[in-house]
Amino acid sequence: MASAQGLASSTELGILFRPSILFPTGYRLSDLQLCNNLSLKRCYRFSAAICCQQNPCIAKPSCRVREFRLFKAVELDQYITSDDEGEEMSEGFFEAIEELERMTREPGDILEEMNDRLSARELQLVLVYFSQEGRDSWCALEVFEWLKKENRVDKETMELMVSIMCSWVKNLIGGKHDASDVVDLLVDMDCVGLKPSFSMMEKVISLYWEMGKKEEAVLFVKDVLRRGITCSEDDGEGRKGGPTGYLAWKMMVDGDYRGAVKLVIHLRDSGLNPEIYSYLIAMTAVVKELNEFGKALRKFKDFVRSDSIAELDAENMALIEKYQSDLLADGLCLSAWVLQDGSSSLKGIVHERLLAMYICAGRGLEAEGQLWKMKLAGKEADTDLYDIVLAICASRKEPKSISRLLARAEVTSLMCKKKTLTWLVRGYIKGGHFDEAAEALIKMLDLGLRPEYLDRAAVLQGLVRRIQQSGNVDPYLKLCKHLSDANLIGPCLVYLYIKRYRLWIMRKL
């Protein structure tokens with residue numbers, strides 16, 4: 001056991017102890033974003049490290065695992081200063097250190113006896129002393145717990161203890177310690193009533209991630225779930241944060257959308273029951289993966305049209321379809337878990353995520369169904385979403401869905417009708433349904449609306465190609481007449497060449 005004289009030789013603390021002991025003007029928790037090492041004024045530095053191979057912070061059997069809360073990170077930049085630069089440590093301070101080092105009695109009993117003899121600064125120094133490398137960090141937790149019970153934990157003491165605990169966590173993660181040791185430390189923190197104003201779980205996951213220990217981060221989350229350590233609502237939107245959702249979000253930030261989805265599903269299938277919010281995070285990852293997958297397919301089709309690469313064979317097309325279908329199946333599985341375990345207030349959010357999934361996958365009928373389910377759940381979708389779904393249905397030529405979606409536009413203003421019909425026209429163009437696109441343009445003209453030039457040109461060119469294939473000129477002539485009546489097209493010459501008779505038929509419009 002180290003004696004009180006051991007404190008005098010602690011160069012780590014940056015304090016020189018002599019027969020007349022002086023404490024420096026103050027020390028500062030400098031640039032502590034979430035957690036940094038404790039910095040002492042005038043560059044005195046202290047690093048709280050855990051040297052034991054076993055976790056030194058042992059939770060008491062009587063400690064109950066309380067709920068961890070997610071808070072936003074705060075930057076601590078406070079000075080803990082003494083009123084007198086020449087303040088000396090009292091004899092009671094050294095006696096307290098010696099008694100605590102002996103460990104013959106409970107730390108709370110020792111401090112209770114010496115309560116009146118120790119100042120707030122001396123109690124803080126006791127925490128610092130026992131948090132050093134080679135000291136018994138369990139004693140620091142006991143001291144803090146006693147301070148909490150006696151209502152002697154002010155803002156400065158709380159910041160000091162948070163810094164100490166963060167240093168312990170960082171050293172555990174950086175060393176060769178199991179994830180279970182880190183969880184033990186977090187449990188001990190909770191047992192002594194240490195509630196930092198940010199999520200220590202998120203900090204732990206971030207540290208693992210920054211150190212490239214991604215597998216250890218997964219093990220940490222599994223151990224947290226296995227022990228049933230939960231997080232409470234704290235974001236004001238009825239959502240529950242937690243380690244699984246945060247880890248999945250970290251994966252999404254790195255672009256590993258598929259990995260985020262697999263993580264949440266794997267934890268659920270393992271019987272670990274991740275928090276509800278993690279399912280919504282995973283559904284967002286499905287949407288992002290489908291979106292990126294769709295971009296890749298569109299880029300591939302552009303290369304095919306430019307003859308840069310050959311078209312895919314039937315086998316590869318089947319693999320593409322299967323990958324997309326598997327993603328949608330994962331999204332449906334996640335949505336079922338939210339609806340099963342979550343509150344009814346999440347129904348609208350679930351249908352919103354499913355709508356985004358079906359839009360990215362180009363599934364018009366399913367997307368339309370989610371629009372109505374959102375409405376029934378009390379979460380009205382934006383008008384733009386209705387128009388996008390209408391365009392998807394038009395590209396796939398789904399007449400019933402198109403009729404239902406257009407019926408909604410009948411009661412809107414002319415400007416809204418123009419926007420909706422423009423989406424309809426462009427959907428037909430994308431699907432190659434130029435006869436239907438021409439009818440949609442004529443409907444716009446009958447309503448007194450002026451279609452966009454590029455839309456008119458694209459439909460006319462498509463009808464010309466259709467004439468060359470089928471020989472039917474009626475849709476083209478009908479559209480030209482309506483465009484001419486609206487002064488949107490000048491005089492033109494329509495001609496048809498009958499190769500068998502070497503006959504040209506021309507008509508001026």
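Excluded from the calculations below are hydrogen atoms, water molecules and symmetry mates; all remaining heavy atoms, backbone and side chain alike, are included.
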Set of side chain to side chain donor-acceptor pair (under 3.5 Å) partners for Asp330, sequence neighbours left out: Arg258
Pairing of Asp341 and Arg268 as salt bridge, 4.0 angstrom limit: yes
Side-chain ion pair, Asp302 and Arg298, N-O less than 4.0 Å: no
Salt-bridge present (Lys222, Glu215; N to O < 4.0 Å): no
Pair Lys250 + Asp254, salt bridge at N-O below 4.0 Å: no
More than 12 heavy atoms from other groups under 6.0 Å of CZ on Phe303: no
Partners passing ring pair (Phe, Tyr, Trp, His ring centres under 6.0 Å) against Trp337 (at least two apart in sequence or in another chain): Tyr279
CE/Met317: more than 12 non-hydrogen atoms of other groups inside 6.0 Å: no
With sequence neighbours excluded, residues passing ring pair (Phe, Tyr, Trp, His ring centres under 6.0 Å) with Phe434: none
Residue from Glu368, Glu321, Glu398 passing salt bridge (Lys or Arg N to Asp or Glu O under 4.0 Å) with Arg363: Glu321
Pairs involving residues 420-435, ordered by first then second residue, that meet salt bridge (Lys or Arg N to Asp or Glu O under 4.0 Å) (sequence neighbours left out): Arg426-Asp455, Asp435-Arg466
Residues that Phe300 engages under ring pair (Phe, Tyr, Trp, His ring centres under 6.0 Å), provided they are two or more places apart: none
Carboxylate-amine/guanidinium contact Asp223 Arg226, below 4.0 Å: yes
Set of ring pair (Phe, Tyr, Trp, His ring centres under 6.0 Å) partners for Tyr246, sequence neighbours left out: Trp249
